[in-house]
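Report on the following structure.
Lettering of chains follows the sequences in order, A, B, ..., and the numbering in each one begins at 1.
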Amino acid sequence: MTATPLPRDFFDRPVDEVAPALLGRVLVHATPEGEAAVRLTEVEAYAGPLDPASHSYRGRTPRNDVMWGPPGHAYVYFTYGMHFCVNLVCGPDGMSSAVLLRAGEIVAGQDLAQARRPRSSVRDLARGPARLCQALAIVREHNGLDVCDPASTLRILDGVPADPATVRTGPRTGVSSAKDTPWRFWIDGDPSVSPYREHVPRKRRPAGRA
DNA sequence: AGGTAGATGTTCT
DNA sequence: GAACATCTACCTG
């Protein structure tokens with residue numbers, strides 16, 4: 001892997017073009033404890049206000065603000081009360097589209113990743129969007145970081161792009177709308193690809209009686 | 001192998 | 001108040 005991040009214009013094109021082109025690339029996160037890196041094997045595209053499954057579908061809010069900014073920045077959000085997920089914003093500026101980084105293979109700092117996820121097998125360290133964030137210690141404070149800046153602690157490197165012939169597509173995982181849009185991209189046969197899960201509405205907790 | 005339940009809190013209606 | 005781009009643990013076969 002080289003030390004130079006992908007150029008910003010890599011992200012300045014339609015999100016469904018950027019997403020498959022990200023497969024095989026390497027996301028590095030430097031922390032005081034050291035560096036850890038993941039080679040991306042699974043991603044999903046979310047196409048801004050036109051996409052009912054996108055966080056920006058209902059317009060700009062404090063949470064999704066970063067999505068409306070320039071491409072090449074990280075959009076980190078908190079979900080299910082305990083997990084973080086990371087996206088990379090795509091262009092053009094103001095389009096509010098982004099690619100969710102769903103899974104990958106740890107290629108550097110495996111000791112760190114394992115310390116952060118002590119109950120996990122090596123294969124599962126970054127197998128899933130919240131696991132990926134945990135392995136790389138990506139949390140809310142990293143929201144908005146510029147991953148194309150060589151000086152940034154969170155960077156996306158070119159790595160070795162996946163052979164397009166090995167890229168598969170299918171419906172996105174765990175989304176309740178736009179189920180038919182095949183905007184999940186993964187490297188066929190890679191063991192770190194996360195299992196597909198259909199969206200299931202959460203069962204309501206029995207409302208506390210009074 | 002596969003299903004389900006429970007955890008936790010932020011965001012938006 | 002409900003939904004939520006999830007994960008783990010704990011069942012059952």
Treat a base pair as Watson-Crick or G-U wobble with both distances under 3.5 Å, then lay out DNA chain B in dot-bracket form, 5' to 3', with | for cross-strand pairs. .||||||.||||.

Which pairs, protein N/O on one side and nucleotides 10-13 of chain C N/O on the other, fall under 3.5 Å?
none

Check for me: is A:Y46 stacked on C:dA5 by the 5.5 Å centroid and 30° plane-angle rule? yes

Where along residues 61-76 of chain A does a heavy atom fall under 4.0 Å from DNA chain C? none

Within the pair A:S176 and C:dC4, is there a side-chain N or O less than 4.0 Å away from OP1 or OP2? yes

Is any side-chain heavy atom of A:R155 closer than 4.5 Å to a side-chain heavy atom of A:D149? no

Interface with DNA chain C, restricted to residues 128-136 of chain A and to heavy atoms under 4.0 Å: A:G128, A:P129, A:A130, A:R131

Check whether any side-chain heavy atom of A:H73 lies under 4.5 Å from a side-chain heavy atom of A:L88, and answer yes or no. no

Kindly state which residues belonging to residues 117-124 of chain A come within less than 4.0 angstrom of DNA chain C, counting heavy atoms of the residue only, listed by number. A:R117, A:R119

Any pair counted as ring-ring contact (aromatic ring centres under 6.0 Å, His included), so long as it reaches residues 143-162 of chain A, sequence neighbours left out: none

Once you apply a heavy-atom cut-off of 4.0 Å, does A:R58 come out as touching a base, just sugar-phosphate, or nothing? sugar-phosphate

Side chain A:Y80 and base B:dA7 donor-acceptor under 3.5 Å: no

Could you say whether A:H83 or A:R140 is positioned toward the 5' end of DNA chain B, judged by the nucleotide with the nearest heavy atom to each? A:H83

What pairs with A:S56 under side chain to side chain contact (heavy atoms under 4.5 Å, CB included), at least two apart in sequence or on another chain? A:P49, A:S54, A:N64, A:M67, A:W68, A:S96

Partners meeting ring-ring contact (aromatic ring centres under 6.0 Å, His included) with A:F84 (sequence neighbours left out): A:F78

SB check A:E198 A:R172 (cutoff 4.0 Å): no

Within the side chain of A:N143, is there an N or O that forms a donor-acceptor pair under 3.5 Å with the backbone of A:V76? yes

Inter- and intrachain pairs under ring-ring contact (aromatic ring centres under 6.0 Å, His included), touching residues 140-164 of chain A, at least two apart: A:H29-A:H142

Have a look at A:H55 and say if it touches a base, only the backbone sugar-phosphate, or nothing, with a 4.0 Å heavy-atom cut-off. base

Within 45° cone of A:F10 ring axis and under 6.0 Å: A:R13 NZ or CZ: yes

Can you check whether A:H199 has a side-chain N or O nearer than 4.0 Å to OP1 or OP2 of C:dA3? no

Does the side chain of A:Q134 pick up a donor-acceptor pair with the side chain of A:R117 at under 3.5 Å? yes

Between A:R123 (side chain only) and A:S192 (backbone N and O only), is there a donor and an acceptor less than 3.5 Å apart? no

Which ring-ring contact (aromatic ring centres under 6.0 Å, His included) pairs, counting each pair once, include a residue from residues 167-186 of chain A, with sequence neighbours left out? none

Can you list every pair that meets ring-ring contact (aromatic ring centres under 6.0 Å, His included) and has a residue in residues 147-180 of chain A, with sequence neighbours left out? none

Please report, to 0.1 Å, the donor-acceptor pairs under 3.5 Å made by any side chain of residues 102-110 of chain A, with sequence neighbours excluded.
unit_1, atom_1, unit_2, atom_2, d
A:R102, NE, A:E42, OE2, 2.9
A:R102, NH2, A:S194, OG, 3.4
A:E105, OE1, A:R39, NH1, 2.9

